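Worth saying up front: this structure is predicted, and the values here are computed from it rather than measured. Below, read A as the first sequence line, B as the second, and so on, with proteins coming before strands; counting in each chain starts at 1. Heavy-atom basis, side chains included; hydrogens, waters and symmetry copies ignored.
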Amino acid sequence: MYRAPRGTTDILPAEQAYWAHVQQRAAEVCRLYGYERIDTPAFEDYGLFARTDAEGTDLVEKEMYVFEDRGGQKLALRAENTAPVCRAYVEHGLFNLSQPVRLYYIGPTFRYERPQAGRFRQHHQFGCEALGDASPILDVEVIELAIRFLESLGLTGLSVLLNSIGCRQCQPAYVEVLRQHYQGFSADVCSDCRVRMVRNPLRLLDCKESACKRIVATAPHIADYLCPECKDHFREVQEQLQVLGIPFALNHTLVRGLDYYTRTVFEILPQRQGSQSAIVGGGRYDGLIEQIGGKPTPAVGFAMGLERVILNIKEQGLDVPIPPGPRVYIAHVGTPARQTAISLARRLRDAGVGVLASTGTKSFKAQLRQANSLGVRHTIILGDNEVEAGTAVVRDMARNEQSTLLQDALLEHLARAVEYSPDSASP
RNA sequence: GUGAGCGUAGCCUAGUGGUUAAGGCGCCAGGUUGUGGCCCUGGAGAUCGUGGGUUCAACUCCCACCGUUCACCCCA
């Protein structure tokens, strides 16, 4: 017996309402901000990720699906979408468009991790990227967009965490100060942090070990070491957020895992917080496009995990619209009626009416039962009598009424009755 | 990769060493002559995650593997 591979799931019809809703909302919010959709391949040249997501990070070394194709090329399933979008930006000369270029994507993303709540080996990300403009207005724009999206789903109790990690100029100076701070505690530091001190000092601030947390508590804040340009940028981001009335909390230990980030970094946390709680992560990455062979190009964006978004929709008990199913069921008995049923179904569908016709393998009673469980509004009944007379019985399932009409009149009768059917509830 | 909990029909659950593994939901079929929802009756559906082991006897105890859940790591 085959099963879906570990960390993957089938999205069955019963779940589709959530996905359709979330994707429609995302597209709608992006339209409001002028972000256009881009779809990049599910896999890329391995080097694209290895170079940009920082060699030495777990993401690249342990969590990526890496494989060789038959031609011997080393490829990787995309573990995130920012680098691919930047690759497309450079490859297709999108820098020739009016800047900034605003893009969004929705699609599967792959990470070889141990599955957990809100974490899957194949999950789906929705993200936005604004490329080609360094203005702090854009940093705020993407944060606002993300918040608006989540709020449009009805989610409440969201919080924004914000920090700046500086740029190529000022970050190294801070890192030096941070190293010096840690030198006094080298005996107390955990083994992971010993490695971090050398390879990725900023991530020292992220350590959850209690001993390390104490050291972090007294560590210098990067915000105090930013260069004048980064300081201005950070200040403007905060000011703009305030102007828009978006609450946020500064968090000097927020540094993010991917190495390409510069200046602004942020996360959005939901009401209920578990270990995998962050639903949105993002920031500015002014050096990335240059790293993959483009001209120096500032950019900012975010990504969010849709599984986590849906998890929160369910936890908060929010309604999602249920796409309408067929509104008419055709029950029939006898061979002549079967033919009539099939052509009638065709004519109704031509008129835009959703129809489910019985296959005729069930008893008449069972057909009615099926019509009922499907929740159709009307059932058309065809037997020998109706076929002979060119009529059909139309039964209104909810009102428990039925009448006999000519088949031609029936079409119009139903088309009118079925036209509007607002429908919204939890599936 | 590390640690812990859990795996009984499609779903939820009972059964904790001993005759044909029980119930609910769902599914299928009936409850007379062409009419659903409620109700009643019946039926199908489980090698009790897989493979070893202990025992006269294992769904029940032990081990391994697989899956799953939660946490660590990492990250959306």
Side-chain angles (χ1 to χ4, degrees), chain A residues 1-9 12 14 53-54 57-64 78-82 105-127 146 150 190-193 195-196 200 203 206-209 254-258 266-270 274-283 301-312 329 331-334 337 358 361-387 393-402 404:
Chain A
M1 170 106 145
Y2 290 106
R3 282 192 269 202
R6 180 168 210 197
T8 67
T9 48
L12 298 172
D53 296 330
T57 62
D58 279 0
L59 186 85
V60 170
E61 290 193 339
K62 303 195 298 203
E63 296 176 2
M64 205 143 26
R78 62 178 178 207
E80 53 99 20
N81 296 274
T82 300
Y105 56 79
I106 296 174
T109 307
F110 308 86
R111 286 180 196 174
Y112 189 84
E113 299 179 287
R114 193 114 170 222
Q116 205 179 313
R119 177 214 270 183
F120 304 89
R121 289 187 171 180
Q122 175 176 345
H123 68 282
H124 297 78
Q125 288 191 348
F126 158 48
L150 295 170
C190 75
S191 58
D192 285 340
C193 281
V195 178
R196 290 186 182 119
N200 197 347
R203 301 216 35 93
D206 226 10
C207 190
K208 273 88 179 177
E209 291 289 328
L254 178 66
V255 293
R256 308 218 36 76
L258 302 173
F266 64 91
E267 286 183 0
I268 300 177
L269 306 178
S275 68
Q276 304 297 317
S277 59
I279 44 185
V280 180
F302 70 80
M304 70 173 83
L306 293 182
E307 279 80 1
R308 291 183 188 179
V309 170
I310 290 173
L311 199 64
N312 279 278
Y329 183 92
H332 54 88
V333 267
S358 166
T361 52
K362 292 177 194 294
S363 70
F364 183 60
K365 190 192 197 100
Q367 292 180 52
L368 263 291
R369 253 200 259 268
Q370 180 169 52
N372 184 65
S373 68
L374 286 166
V376 297
R377 181 67 196 273
H378 298 278
T379 298
I380 296 173
I381 296 164
L382 293 169
D384 293 339
N385 299 341
E386 287 74 21
V387 172
V393 175
V394 182
R395 181 169 181 80
D396 185 317
M397 301 299 277
R399 291 193 186 147
N400 205 8
E401 299 166 352
Q402 64 186 46
T404 305

* In terms of side-chain heavy atoms of A:Arg308, which of B:A71, B:A76, B:U69 is nearest? -> B:A76
* To do: Pick the P atom in B:C62 and in B:A4, then give their distance to the nearest Å.
  => 15 Å
* On a whole-Å scale, what distance lies between the C1' atoms belonging to B:U54 and B:C72? -> 35 Å
* Mind checking the P distance from B:G3 to B:A64? Whole angstroms is fine. -> 11 Å
* **Nearest-angstrom distance, P atom, B:U19 to B:G24** => 22 Å
* Using purine N1 to pyrimidine N3 plus N6-O4 or O6-N4 for Watson-Crick, or N1-O2 and O6-N3 for G-U wobble, each under 3.5 Å, what pairs with B:U20? -> none
* **Rounded distance (Å) that lies between atom C1' of B:A76 and atom CZ of A:Arg121** => 17 Å
* Between protein and nucleotides 33-39 of chain B, map the contacts as a letter string: B base, S sugar-phosphate only, - none, heavy atoms under 4.0 Å, written 5' to 3'. => -BBBB--
* Between B:G15 and B:A21, how far is it from one C1' atom to the other, in whole Å? -> 8 Å
* To do: Would you mind telling me which of B:A76, B:G67, B:G3 lies closest to the side-chain atoms of A:Arg114?
  => B:G3
* For B:U8 and B:A22, measure between their C1' atoms and round to the nearest Å. => 11 Å
* Asked: When you measure from the side chain of A:Ser363, which nucleotide among B:C70, B:A76, B:G30 comes out closest?
  -> B:G30
Table of protein N/O atoms under 3.5 Å from nucleotides 41-51 of chain B N/O atoms:
none

